[in-house]
Amino acid sequence: MSMGSKELTQNDSMENGNCDINFDFSKLPDKPRNLNMERHRSLDERSLVEASPGYTSWAENGQRLMDLESVFSPSIRSPFSSSQAQYYEPHPVFVEAWESLRKTMVYFRGQPVGTIAALDNSDEKQNYDQVFVRDFVPSALAFLMNGEPEIVKNFLLKTLRLQSWEKKIDRFQLGEGVMPASFKVLQDPVRNTETIMADFGESAIGRVAPVDSGFWWIILLRAYTKSTGDTLLAERPECQNGIRLILALCLSEGFNTFPTLLCADGCSMIDRRMGVYGYPIEIQALFFMALRCALVLLKQDDQGKELVDRIVKRLHALSFHMRSYFWLDMKQLNDIYRYKTEEYSHTAVNKFNVIPDSLPEWVFDFMPTNGGYFLGNVGPSNMDFRWFCLGNCIAILSSLATPEQASAIMDLIECRWEELVGDMPVKVCYPAIEGHDWRIITGCDPKNTRWSYHNGGSWPVLLWLLTAACIKVGRPQIARRAIEVAELRLAKDGWPEYYDGKSGRYVGKQARKNQTWSIAGYLVAKMMLEDPSHLGMISLEEDKQMKPMIKRSSSWTF
Ligand code: GLC
């Protein structure tokens with residue numbers, strides 16, 4: 001954990017090509033139950049053309065959303081809140097997980113506002129006693145799926161209030177729209193008051209502001225709206241303003257020649273130096289998804305229309321760039337391997353001047369004949385060939401990946417099961433950086449040694465993203481298999497934050513126990529598999545207007 005925290009005493013009011021796996025997937029049920037997302041076009045599928053100013057009023061869309069919600073809303077049926085009726089016999093680990101999740105709830109002035117990062121009893125708490133925005137997402141989804149939206153609504157409003165704080169690092173003022181990485185509720189038993197303390201990066205190790213927090217906030221607001229049918233929350237002026245402020249930070253003009261978002265190292269889930277600066281896939285995929293969610297949520301009033309126009313243009317450019325230059329499959333790899341360099345002119349094939357000698361050896365074996373993925377990073381003379389789980393799953397969920405690309409990502413996961421899932425789902429990235437590279441890239445970080453933590457560690461929280469992506473691609477059996485693997489150990493091991501080793505066999509060196517997002521990630525994965533209609537909260541269907549710009553590789557199977 002690299003975030004520190006600084007107290008701000010502000011009172012706040014409440015508002016090789018061969019698959020070597022020997023697992024018989026055909027024995028598992030194939031089709032997700034109730035996966036009827038296809039049949040119901042929803043508000044989210046508002047295409048970029050439809051989103052053009054003047055197409056539909058927001059109010060109309062709101063009504064459509066509510067109508068459709070009656071189809072998709074999870075009915076209240078879980079055995080985990082006392083008043084609700086039991087309808088299936090849950091796995092004991094599932095029951096335990098719900099009990100544990102409830103213990104992590106954080107209250108502010110009597111209202112639940114989030115979940116603590118880890119209920120850790122060790123002395124070295126650091127800031128795991130805070131509510132992290134990114135960590136709360138799987139908790140929020142679990143509560144929404146269980147028909148308990150209140151905590152999510154409170155969280156959205158609370159973090160929105162924090163956004164309006166003045167944020168300074170030394171004498172430098174951060175952008176208005178920055179959302180906190182985390183916050184904490186402080187109790188003063190003597191004065192009987194509660195205050196909130198937040199961290200926007202000014203206390204974080206490395207002093208990096210979280211770029212992902214704002215994107216997750218928008219994505220969660222859309223999940224809340226979709227799940228509850230309550231369009232009034234997003235419609236509130238303060239929520240509309242919150243979205244505008246977040247987007248103002250990323251849509252501003254500058255010197256950038258690419259539509260991707262330029263970032264500092266450590267500004268997302270991987271919040272330490274790991275060579276993920278520049279244009280990391282995690283941020284680009286979240287950026288894309290947040291833009292699409294914002295299109296759904298923004299009111300098309302005078303202020304909204306102009307922003308919607310800018311979002312639409314950026315989405316076109318971003319999807320073209322990502323699908324063309326970030327995509328890697330066997331054909332692309334072979335093309336890069338044969339690249340000429342030093343091509344000056346707009347007709348250059350090797351646009352970023354990537355030197356073939358810089359290709360790492362492992363990637364040639366790793367790349368299956370069928371399959372592919374989005375690269376970790378693409379910039380001038382730079383391609384990071386590492387596979388990152390979160391970015392690739394979000395690319396699927398947001399439909400940044402074309403349907404063919406989404407299937408190819410799943411083919412890769414199946415084919416490289418031992419490497420990417422192994423004994424604990426899922427690797428945060430693959431492979432680990434070692435030796436000289438580790439020294440240079442991480443700055444000799446002792447927490448990020450090879451196959452540990454952010455450097456090729458296995459993170460149970462990623463299970464929910466993998467599951468959602470599998471369901472979306474129509475291959476839930478892959479998720480089922482991963483959940484079975486995780487279920488064997490997670491509770492027994494005390495819900496660790498991460499696992500170490502090439503196949504994730506060891507509880508992480510410095511992993512917290514009772515890590516909330518490990519618990520919530522498992523719960524969300526289970527609930528989604530049980531009722532795949534939950535997927536609608538966190539998935540956006542393909543926008544037919546954003547035509548795939550990349551030629552299909554002959555290696556893909558259809
Ligand atoms: C670690 C993780 C970060 C997470 C935090 C709290 O710093 O890298 O992604 O938000 O712990 O769990």
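When a ligand or atom number is given, it counts from 1 through the structure's own listing order. All residue numbers in this chain count up from 1 along the given sequence.
- Between Y506 and Y499, the ring centre distance reaches or exceeds 6.0 Å.
- Not one N or O of W517 is nearer than 3.5 Å to an N or O of ligand 1, by distance alone.
- The proximity of Q515 to ligand 1, defined as any non-hydrogen pair under 4.0 Å, is limited to the side chain.
- Ring-centre distance between W387 and Y430: not below the 6.0 Å cut-off.
- Contact annotation for Y453 and ligand 1: only side-chain heavy atoms (C-beta onward) come within less than 4.0 Å of the ligand.
- At a 3.5 angstrom cut-off on N or O pairs, D135 counts as close to ligand 1.
- Under 4.0 angstrom from ligand 1, there are no non-hydrogen atoms of R272.
- The closest non-hydrogen atom to atom 11 (O) of ligand 1, taken over R134, Q130, E497, comes from E497.
- A cation-pi arrangement, defined by a distance under 6.0 Å to the six-membered ring centre and an angle within 45 degrees of its axis, is absent between R512 and W495.
- A ring-centre distance under 6.0 Å is not found for F374 and F326.
- Residue H454 places a heavy atom less than 4.0 Å from ligand 1.
- Residue A117 has no N or O atom closer than 3.5 Å to an N or O atom of ligand 1.
- For D265, the side chain to side chain donor-acceptor pair (under 3.5 Å) test picks out no residue, with sequence neighbours left out.
- S139 and W517 share no donor-acceptor pair across their side chains, judged by distance under 3.5 Å alone.
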